[in-house]
Amino acid sequence: MVKSIFSVAFAALLACVLFVLPVFGQDGQAAGVQDVQAAQSGDGAEMPDMEAAESVRDAQSSQAVQDAEAAAEGGSAEVVEDTQTAPDGQNAEEAGHAGDGAESAEPGDGLAADADIQEIEEVGAQNVLDVRSMEEADQEELLAAEEESGVQEEQEVVLESEETEEAEEVLAVIGEERRGSTRLGVLWLESSTGHDQMAHELTRVMIEKLDSLRLYEMYYPEDVEKALKEARVRTPGDCRDPKCVSDIGRALGLRRMIYGSVDMIGSSYAVRLELFNVITGRPIEVVSIQGAPGVPARDVLLCAIDRVHGHPGRLHVTQYFGPPVNNLKEFLWSTIAVQGTGIFYSMINYGVGGSGGGSDVTLAPGAYDKEPLSGISGASNQIPIFARPAALANAYTAVSDDAYGVLYNPAGMAWLGQRDAAVAYQSRFGVMDVLAVSYANRALRDLGFGQALLLSTDRDGAMTELFFVTAAGYRINQDYLFGPMSVGAAIKFMGNTVRALSLDSPRGQSYGFGMDLGFMWELSRDIRYGLMFRDIPSINRWKNITTNRQYSEFQPPTMHMGGVYRASHSALLVADGQIPLYGDQPWVMAGGIEYEFFRMLALRIGLQREILDEESNWWKITGGAGFQFDTKAAWGKYTILDIAYEYNTLALFPVVNMSLKVGF
């Protein structure tokens, strides 16, 4: 009997808790929170919100246990009803007195009481299960909240670590979409200052850095060399130009290539890196930086890798324009030799012809005042020479960055990549022969120069012209507003001879001096603009032996303007035009395309036409090819044989050009 009473009491207690808690739960929770806050203020420590929630649950559970113990002491089924309807201030003792009356109930009520007890026990058991389910759900939510909080804390730690290594964070974001999916080939770093061992060691540093980014499927220099050997692909040992790098990448099925150089300039280090897209055949990013004196080469290299991937890095660096060059003595002595020979030849040529005692020609005052000066020059230096420019319809004003450019734009000497020498022959109309020899090099890092000789003669020997040309160009690199640009000038001495072919034909000699001015502007890495003023001024002093007269003749200046666009490492588009400075000078427009195949064959085509003149409806169609040979083991890094052919729609005799250029 006692055991049944306690069972009924316990079930009644649980039912009471389930009905009373929804009503007073908010007050109890508030009280629990206040207790937790009081405990926090007493201890002087801060508790997270998660721990406060646990304290509230503990307070609620403790209150429920106390109510259950108090109700159990009553031992009656009526305790359930009394506790359900009891006011807030009723205690367990009053509930027990109400239970005493249940013991004096009549015997006839026993069956009903047993049924009620059984029902209460079933309801109590179900409520116990519900309470346990709620407690388990609360525990699961608590564990999930703790796990989420831990993840957030780990993320905060990671973010703090990434803030200390900002470059790695940015690089990881860049490669998030294609992590490790790009096939990258690495070439050995080089050193133009002779520090090859340092460059070899820093290549390993670069590999470790790139590998840690997890952006690429890496192919180390040894892998590239081995694959090239197995594929039987022959490449030059110093393969660093975009054409060669692109061929390597295509042969091995790579998508990216990275290569560059490391130089030591005094106590500072300079790094140049180029990330190349093999698919498009164009550079993705080119970085050339120099660290402050004392900054380790490793730090400068890591900064360059960051910049290649779009992050400026933390290291303070300056732009690097290449290693220092000092060929001033070569520039000085070659200029003295060329111009000294030009002065000596022209003066001797002028002096040995006849007695030289003739007086100057004097014209009657106003005899030719109404006659406009002609803008048509009779000098042979206006004739296109060298096969590559001739194949591009003479549209070379904005290119001129090799030995060919000495006679086209002196400003191009500032953009020389390396030392060049060239020799050319031209057969013009089947009656004239033109020979040219040129040499170009850098005197200083930003100062280039070129020397050239130009000889023109007809096959009958009636006239001979000889030009001695020295060109120099200076590049202004640190112009951040307009970009790199260069200015240049060329001085030339010339000597001419006219021979009598019959008794009544004139003969004589001349000596002269002239100057050309040039300008170049690099608008972008692929676009360059060129401007050229030829014969500003140019004058010849003539002595007519037949009439024993002397006079001076001015050559009219001409203006040329052009542009070049590097569409890819293999494709070059050029445009050029002559803008008249005199009334009888024509407007001339020209353009050409050059495309290179397999780094060995280049095909060229060009068009030229006089415009704004209804009577000038002729076209000049040009074409040609270039063949490049690797002759490093013989005499130079490369040798290029260029040929060109010119067809004029006026049905004049064709023009053939041949040139040979050697790079050292």
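- Gln509 approaches Ile545 most closely through the heavy-atom pair OE1-CD1, 3.0 Å.
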Can you check side-chain contact (heavy atoms from CB on, under 4.5 Å) on Phe664 and Gln418, steps first, answer last? CA-CA 7 Å; Phe664 299 97; Gln418 59 187 12; over 6 Å; no

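- Between Arg428 and Asp458 there is no salt bridge, since no side-chain N of the basic residue sits under 4.0 Å from a carboxylate O of the acidic one.
- The shortest side-chain heavy-atom distance between Leu187 and Val224 falls under the 4.5 Å cut-off.
- A distance of 13.5 Å separates CE of Met515 from CD1 of Ile539, quoted to the nearest 0.5 Å.
- Less than 6.0 angstrom separates the ring centroid of Tyr396 from the ring centroid of Tyr408.
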N/O donor to acceptor pairs below 3.5 angstrom from side-chain atoms of residues 321-333, sequence neighbours left out:
unit_1: Asn327; atom_1: ND2; unit_2: Arg442; atom_2: O; d: 2.8
unit_1: Glu330; atom_1: OE2; unit_2: Tyr439; atom_2: OH; d: 2.4
unit_1: Glu330; atom_1: OE2; unit_2: Asn441; atom_2: ND2; d: 3.0

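- Between atom CG of residue Leu531 and atom CH2 of residue Trp521 there is a gap of 12.0 Å, rounded to the nearest 0.5 Å.
- Within a 6.0 Å radius of CZ in Phe554, no more than 12 heavy atoms belonging to other residues, nucleotides or ligands are found.
- Taking both residues in full, the closest heavy atoms of Thr649 and Trp618 are given as OG1-CA, 3.2 Å, listed atom of the first, atom of the second, then distance.
- In this structure, a donor-acceptor pair under 3.5 Å is absent between the side chains of Glu646 and Thr622.
- What you find for Asp535 and Pro557 is that their closest heavy atoms are O-CB, 3.4 Å.
- Of all the heavy atoms in Ala390 and Asn657, the pair that sits closest is CB-ND2, 3.6 Å.
- Less than 6.0 angstrom separates the ring centroid of Tyr595 from the ring centroid of Phe597.
- At a threshold of 4.0 Å, the pair Arg499-Asp460 does not count as salt-bridged, since none of the basic side-chain nitrogens sits closer than that to a carboxylate oxygen.
- Although no hydrogens or angles enter the test, the distance criterion places no donor-acceptor pair under 3.5 Å between the side chain of Lys661 and the main chain of Asp420.
- Closest approach of Met520 and Ser400 over heavy atoms only: CE-CB, 3.8 Å.
- Across every non-hydrogen atom of Ala391 and Arg604, the tightest pair is CB-CB, 3.9 Å.
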Test log, rule side-chain contact (heavy atoms from CB on, under 4.5 Å), inputs Leu453 and Phe468: CA-CA 5 Å; Leu453 300 177; Phe468 300 82; 3.1 Å; yes

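- Within the 4.5 Å cutoff, the side chain of Ile343 has no heavy atoms near those of the Tyr511 side chain.
- Under the 3.5 Å distance criterion, the side-chain polar atoms of Gln608 are matched with a main-chain donor or acceptor of Ala393.
- Residue Met658 qualifies as open at atom CE: its count of foreign heavy atoms under 6.0 Å is 12 or below.
- Distance alone, capped at 3.5 Å, places no donor-acceptor pair between the Ser510 side chain and the Trp542 backbone.
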Which is it for Arg534 and His560 under the side-chain contact (heavy atoms from CB on, under 4.5 Å) test, yes or no, and what are the steps along the way? CA-CA 8 Å; Arg534 191 187 302 275; His560 306 268; 4.0 Å; yes

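- Under the 4.5 Å side-chain criterion, counting only non-hydrogen atoms from C-beta, Tyr345 is in contact with Leu466.
- Between Arg528 and Leu523 there is no side-chain heavy-atom pair separated by less than 4.5 Å.
- In this structure, Ser246 contributes its side chain and Gly281 its backbone to no donor-acceptor pair below 3.5 Å.
- Between Arg282 and Asn277, every side-chain heavy-atom pair lies at or beyond the 4.5 Å cut-off.
- A side-chain donor from one of Asn477 and Asp446 sits under 3.5 Å from a side-chain acceptor of the other.
- Comment: Glu594 engages Arg388 in a salt bridge, judged by a side-chain N to carboxylate O separation of less than 4.0 angstrom.
- Asn540 and Ser552 share no donor-acceptor pair across their side chains, judged by distance under 3.5 Å alone.
- Separating the CD atom in Glu553 from the CD atom in Gln555 is a distance of 5.0 Å, to the nearest 0.5 Å.
- Listed for the Asp247 side chain is no donor-acceptor partner under 3.5 Å among the backbone atoms of Arg250.
- No side-chain heavy atom of Ser538 sits less than 4.5 Å from a side-chain heavy atom of Phe513.
- Side-chain atoms of Thr335 and Gln451 form a donor-acceptor pair, as typed in the model, at a separation below 3.5 Å.
- Paired with Asp642 under the rule side-chain contact (heavy atoms from CB on, under 4.5 Å), one option of Tyr404, Phe627, Phe386 passes, and it is Tyr404.
- Crowding of Phe344 atom CZ: a count of heavy atoms from other residues, nucleotides or ligands under 6.0 Å not exceeding 12.
- Between the side chain of Ser438 and the backbone N or O of Ala403 there is at least one donor-acceptor pair closer than 3.5 Å.
- Between Thr639 and Leu660, the closest side-chain pair of non-hydrogen atoms falls below 4.5 Å.
- In this structure, the side chains of Thr397 and Met561 stay at 4.5 Å or more apart for every pair of heavy atoms.
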Does the side-chain contact (heavy atoms from CB on, under 4.5 Å) test come out yes or no for Arg459 and Ser427, once each step is laid out? CA-CA 10 Å; Arg459 295 181 180 177; Ser427 174; 3.2 Å; yes

